[in-house]
Amino acid sequence: MTLLTPPLPGGDTAIAPQSTGRTATPRHLLMCPPVHFDVVYAINPWMDVSVPVDTGLAVVQWQALKAAYEARGHTVDVVRPEPGLPDMVYAANGAVVVGGRALAARFTYPERQPEGVAYEAWLRTTGARHGIVSLGQAVERNEGEGDLLWDGEVLLAGTGFRTTREAHAEAAARLDVGVLTLELVDPRFYHLDTALAVLSTASGTRGTEGAAAAEIAYFPGAFTPASLAVLRERYPDAIEASEDDAAVLGLNAVSDGRHVFLTDRATGMHAALRERGFEPVGVDLSELLKGGGSVKCCTLELRPARTTEVAA
Ligand code: ARG
């Protein structure tokens, strides 16, 4: 294939912005600065209370992620961090918002339970401004977008460690969407968003003209054989990530349809993404990795009511 873009003055070859054929859609994201981040309890295998955490460095790295989103046209809102809630930086766990309907989290471990209240309060007070039309309080145990990932058509729902199957049914009812339950087996990948990333969301109605299926990446070893069969059947063209990439939380990524924000350590994922025309944006979140989280964990996507989405 020939690149038709003329060389830039100075002799460099320009890469045409549309050369990947991928289009970014501006996103509305919610984040929480890690000013109180630390590892003082261990609720996943990544956490070791004897390993010191540099909170100042965590903040600097988090700011770089926020700036990377903003530089690519995304809107980032910030929820006020609360002292005594070191994991509140992992905003993805606070709720799940699809089509303007929000379901607040109900955390597994007592250490994190007050975070559900804090995120719910933020959604209650500011939600209407952001196209959120309903806010449900969960009865069942769910850890927000940590386990509930929207593929544009269905909610991919993880279980096995945190979010329960009953919560999948509750999320389906509250958000008025279909769910696909996926069972996790490896404690390192205790949330679905540590094992699977949605790279582009489905658009149009399946089987009709112009419809596009969602594209995902996942680490096969994180799932039961039955769930793996479900994934392979639904997403035959998915990127199957290596254990090395998964083990640096390379699947804990955020995509806008073109740019994929992920750890700079997941070199295999970077190459696979480039091959498919995505633009990987590498960030260093070494401190937040000590809590068992990376890019996606720090990011909750606010999806406004569908009418707004169609109009946009
Ligand atoms: N220390 C946190 C926990 O174990 C990390 C949460 C990471 N968040 C995520 N969306 N995977 O709950």
Side-chain angles (χ1 to χ4, degrees), residues 29-34 36-51 53 55 58 61-62 65 79 81-82 84-97 103-119 138 141-150 155-164 167 171 182 184 186-198 217-219 222-223 241 245-255 261-263 266 283 285-302:
L29 309 171
L30 183 63
M31 298 178 75
C32 178
H36 304 298
F37 176 65
D38 201 352
V39 176
V40 292
Y41 51 81
I43 56 172
N44 70 53
W46 302 84
M47 301 172 88
D48 179 347
V49 294
S50 68
V51 173
V53 167
T55 305
Q61 293 176 333
W62 176 91
L65 173 63
V79 54
E82 290 190 13
L85 298 179
D87 276 342
M88 197 175 160
V89 58
Y90 303 114
N93 298 131
V96 56
V97 187
L103 179 65
R106 194 180 176 100
F107 283 88
T108 310
Y109 295 101
E111 291 91 336
R112 296 200 68 188
Q113 277 158 4
E115 290 179 46
V117 180
Y119 280 94
R141 217 171 67 201
N142 88 73
E143 299 204 350
E145 280 201 313
D147 276 321
L148 303 168
L149 295 172
W150 180 236
L155 199 62
L156 300 176
T159 190
F161 296 99
R162 304 283 180 94
T163 300
T164 61
L182 298 167
L184 299 162
D186 184 329
R188 291 173 300 168
F189 310 112
Y190 57 94
H191 274 145
L192 182 63
D193 73 353
T194 62
L196 184 151
V198 176
Y218 61 88
F219 170 53
F223 298 91
D245 283 332
V248 290
L249 290 189
L251 287 156
N252 196 246
V254 169
S255 174
F261 303 85
L262 77 167
T263 170
V283 292
L285 289 182
S286 63
E287 290 311 298
L288 293 172
L289 189 60
K290 296 175 182 171
S294 187
V295 172
K296 173 60 201 166
C297 295
C298 296
T299 317
L300 174 64
E301 185 171 345
L302 304 171

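Read the numbers this way: they start at 1 and go in the same order the structure lists the ligands and their atoms. Positions are given from 1 along the sequence. Below, each value reflects all heavy atoms present in this structure, side chains not excepted, and no hydrogens, waters or symmetry copies.
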Closest candidate by heavy atom, reference atom 3 (C) of ligand 1, pool R112, E145, K296: R112

Tell me which one of Q113, R162, E143 satisfies side-chain hydrogen bond (donor to acceptor under 3.5 Å, both in side chains) with T108. E143

Among non-hydrogen protein atoms, atom 10 (N) of ligand 1 lies closest to D193 OD2, 2.7 Å

Check each atom of ligand 1 against the heavy atoms of G291 and keep those under 4.0 Å away; list them by number with element. 1 (N), 2 (C), 5 (C)

Distance from E145 atom CD to L192 atom CG, nearest 0.5 Å? 10.5 Å

Backbone N/O of F37 and side chain of T55: donor-acceptor pair under 3.5 Å: yes

So which of V39, D87, V295 gets nearest to atom 2 (C) of ligand 1, if we judge by its closest heavy atom? D87

Does any N or O atom in G293 lie less than 3.5 angstrom from one in ligand 1, N or O only? no

Proximity of Y190 to ligand 1 by residue part, where a heavy atom lies under 4.0 Å: side chain

Would you say N93 has any N or O atom under 3.5 Å from an N or O of ligand 1, going by distance alone? yes

I need the atoms of ligand 1 closer than 4.0 Å to a non-hydrogen atom of R162, numbered in the order shown. 3 (C), 4 (O), 12 (O)

Residue M47 vicinity, atoms of ligand 1 by number, heavy atom under 4.0 Å: 1 (N)

Report the distance from atom CG of N252 to atom OH of Y90, rounding to the nearest 0.5 Å. 9.5 Å

d(F261 CZ, L65 CG) to nearest 0.5 Å is 8.0 Å

Which atoms form the tightest heavy-atom contact between Y190 and T194, and what is the distance? N-OG1, 3.7 Å

Is H191 in polar range of ligand 1, meaning some N or O pair under 3.5 Å apart? yes

Taking only heavy atoms of G146 into account, list the atoms of ligand 1 that are under 4.0 Å away from them. 10 (N)

As an exercise, identify every atom of ligand 1 less than 4.0 angstrom from a heavy atom of I43. 3 (C), 4 (O), 12 (O)

Could you tell me whether the side chains of Y41 and D87 share a donor-acceptor contact shorter than 3.5 Å? yes

Of all protein heavy atoms, the one nearest atom 9 (C) of ligand 1 is C297 SG, 2.6 Å

Testing the basics here: between A171 and L148, what is the closest heavy-atom pair and its distance to 0.1 Å? CB-CD1, 4.2 Å

Is there at least one pair of N or O atoms, one from T194 and one from ligand 1, spaced under 3.5 Å apart? no

Within a strict 4.5 Å, meaning less than it, do heavy atoms of the F189 and L251 side chains meet? no

